[in-house]
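Side-chain atoms are counted along with the backbone in the values below, which use heavy atoms only and exclude waters and symmetry mates. Numbers here simply count residues along the sequence, with the first being 1. Note that ligands are numbered from 1 as they come in the structure, with each ligand's atoms numbered from 1 the same way. Quick caveat: nothing in here was measured; it's all calculated off a predicted structure.
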Amino acid sequence: MSAISTSTDIREDILRLKQMRNAVILAHNYQIPEIQDIADYVGDSLGLAFRAQETDADVIVFCGVHFMAETAKIVNPEKTVVLPDAEAGCSLEESCAAADLKAFLEENQEKNYYVITYINSSAAVKALSDVICTSGNAVKIVEAAPKDRPILFAPDQNLGAWVSQETGREMDFWDGNCYLHVEFTRESIQRIKDDYPDAAVVAHPECTTAVRLLADEVCSTEKMVDFCRSSESQNIIVVTEAGMLHRIQKEIPEKNLIAGPTANCACAECRFMKMNTLEKLYNCLSELSPAVELEEEFREAAKAPIMRMLELSK
Ligand code: 13P
Ligand code: SF4
């Protein structure tokens with residue numbers, strides 16, 4: 001059963017409930033504008049993980065996708081962590097099942113892999129990893145990896161290829177990708193560049209190498225805001241999920257942002273990120289459901305590599 005909002009403005013009801021619950025609303029940069037505007041903090045996966053770890057609220061409302069809310073619960077087991085839609089998953093998470101990773105590591109035991117896992121993964125996969133990374137700290141995490149062990153980078157092969165190029169460190173990649181970011185093509189971005197020859201291009205490292213090579217800057221969603229602020233270009237082509245444009249435009253209204261089109265669509269939206277709505281946000285605060293629950297054994301094992309990441313990122 002879903003709760004009914006009681007005033008004419010659902011935003012007022014959300015803020016009232018938030019206060020009543022002593023809750024904090026964390027939102028990823030890809031959330032719909034209405035959710036970004038009501039959140040206490042909007043950021044990338046790394047910033048959100050830090051905020052989730054530091055908060056003194058009793059309830060964390062995580063507006064993003066499931067693995068993000070799960071990460072908040074892993075580092076904060078005593079808190080209630082809810083999310084608007086428990087079905088909001090991630091194609092990267094889907095591309096790496098814990099059983100497959102476990103079997104691969106067992107088959108390749110003699111290699112003694114140092115496993116670096118992108119935060120876009122399940123708690124069970126994190127529990128099999130040595131350290132977690134995000135797009136915002138992947139270079140730092142790889143640079144800090146032991147030099148005498150081979151690296152297995154999972155599950156995003158594109159982020160892996162970028163970080164390998166940035167650090168000069170060879171590594172083996174898991175065969176996974178983000179279904180959305182691989183839809184940007186060299187041709188789709190080049191067409192926009194032809195229309196705006198003076199535009200700067202900023203792209204997420206989940207894009208393919210062919211697309212990255214067209215970019216002036218490759219970075220996490222949070223760093224995209226800094227890039228757009230400091231860029232001398234008036235026109236900027238933003239090659240990532242379309243929600244990012246709201247965050248940048250709000251902070252830097254004087255810049256002209258152009259959404260990077262995919263091969264088939266002018267506006268790239270992550271079907272998982274876009275499952276969250278204001279109504280679902282209201283309902284999860286009202287009912288404290290869906291809430292993230294984790295088996296303690298998994299939670300403890302997944303916490304260690306996350307804490308290692310947070311330590312290395314300070
Ligand atoms: P960021 O950590 O850069 O925000 O990326 C998260 C994500 O899911 C990108 O698709
Ligand atoms: Fe996952 Fe891609 Fe959506 Fe990011 S954009 S949450 S990587 S499916």
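Qualifying side-chain hydrogen bond (donor to acceptor under 3.5 Å, both in side chains) partners for E300, counting only residues two or more places apart in sequence or in other chains: none.
Not a single heavy atom of K223 sits less than 4.0 Å from an atom of ligand 1. Using a non-hydrogen distance threshold of 4.0 Å, H28 registers as a contact of ligand 1.
At a heavy-atom distance under 4.0 Å, no atom of T134 approaches ligand 1. If you look at N120 next to ligand 1, the close heavy atoms, those under 4.0 Å, all belong to the side chain. Counting heavy atoms under 4.0 Å from ligand 1, residue H181 touches it through the side chain alone.
No hydrogens or angles considered: nothing links the side chains of T277 and Y282 as a donor-acceptor pair under 3.5 Å. For the residue pair N177 and N158, no side-chain donor N or O sits within less than 3.5 Å of a side-chain acceptor on the partner. Inspection of the D172 and Y113 side chains reveals an N or O donor paired with an N or O acceptor under 3.5 Å. For the 3.5 Å distance criterion, the side chains of D194 and Q190 qualify, holding a donor opposite an acceptor. In the model, E206 has no side-chain atom that pairs as donor or acceptor with a side-chain atom of Y179 under 3.5 Å. Between the side chains of S45 and T134, no donor-acceptor pair is found at a separation under 3.5 Å.
Screening residues 194-236 for ring pair (Phe, Tyr, Trp, His ring centres under 6.0 Å), with sequence neighbours left out, gives H181-H204. The salt bridge (Lys or Arg N to Asp or Glu O under 4.0 Å) analysis of residues 44-64, with sequence neighbours excluded, yields no pairs.
Nearest to atom 1 (P) of ligand 1 by heavy atom, out of S135, C270, C178, is S135.
If you count the protein N, O or S atoms nearer to atom 3 (Fe) of ligand 2 than 2.8 Å, you get 1.
Taking only nitrogen or oxygen atoms, main chain and side chain alike, N29 does not reach within less than 3.5 Å of ligand 1. Inclusion of T221 in the set of residues having an N or O under 3.5 Å from an N or O of ligand 1 is warranted.
Scanning all heavy atoms of the two residues, the minimum distance from V82 to S289 falls at CG1-N, 3.8 Å.
Residue-ligand proximity, H204 to ligand 1, at heavy-atom distances under 4.0 Å covers atoms 1 (P), 3 (O), 5 (O), 9 (C). When each atom of ligand 1 is checked for a heavy atom of S220 under 4.0 Å away, the hits are 3 (O). Of all atoms in ligand 1, listed by their number and element, those nearer than 4.0 Å to a heavy atom of Y30 are 7 (C), 9 (C), 10 (O).
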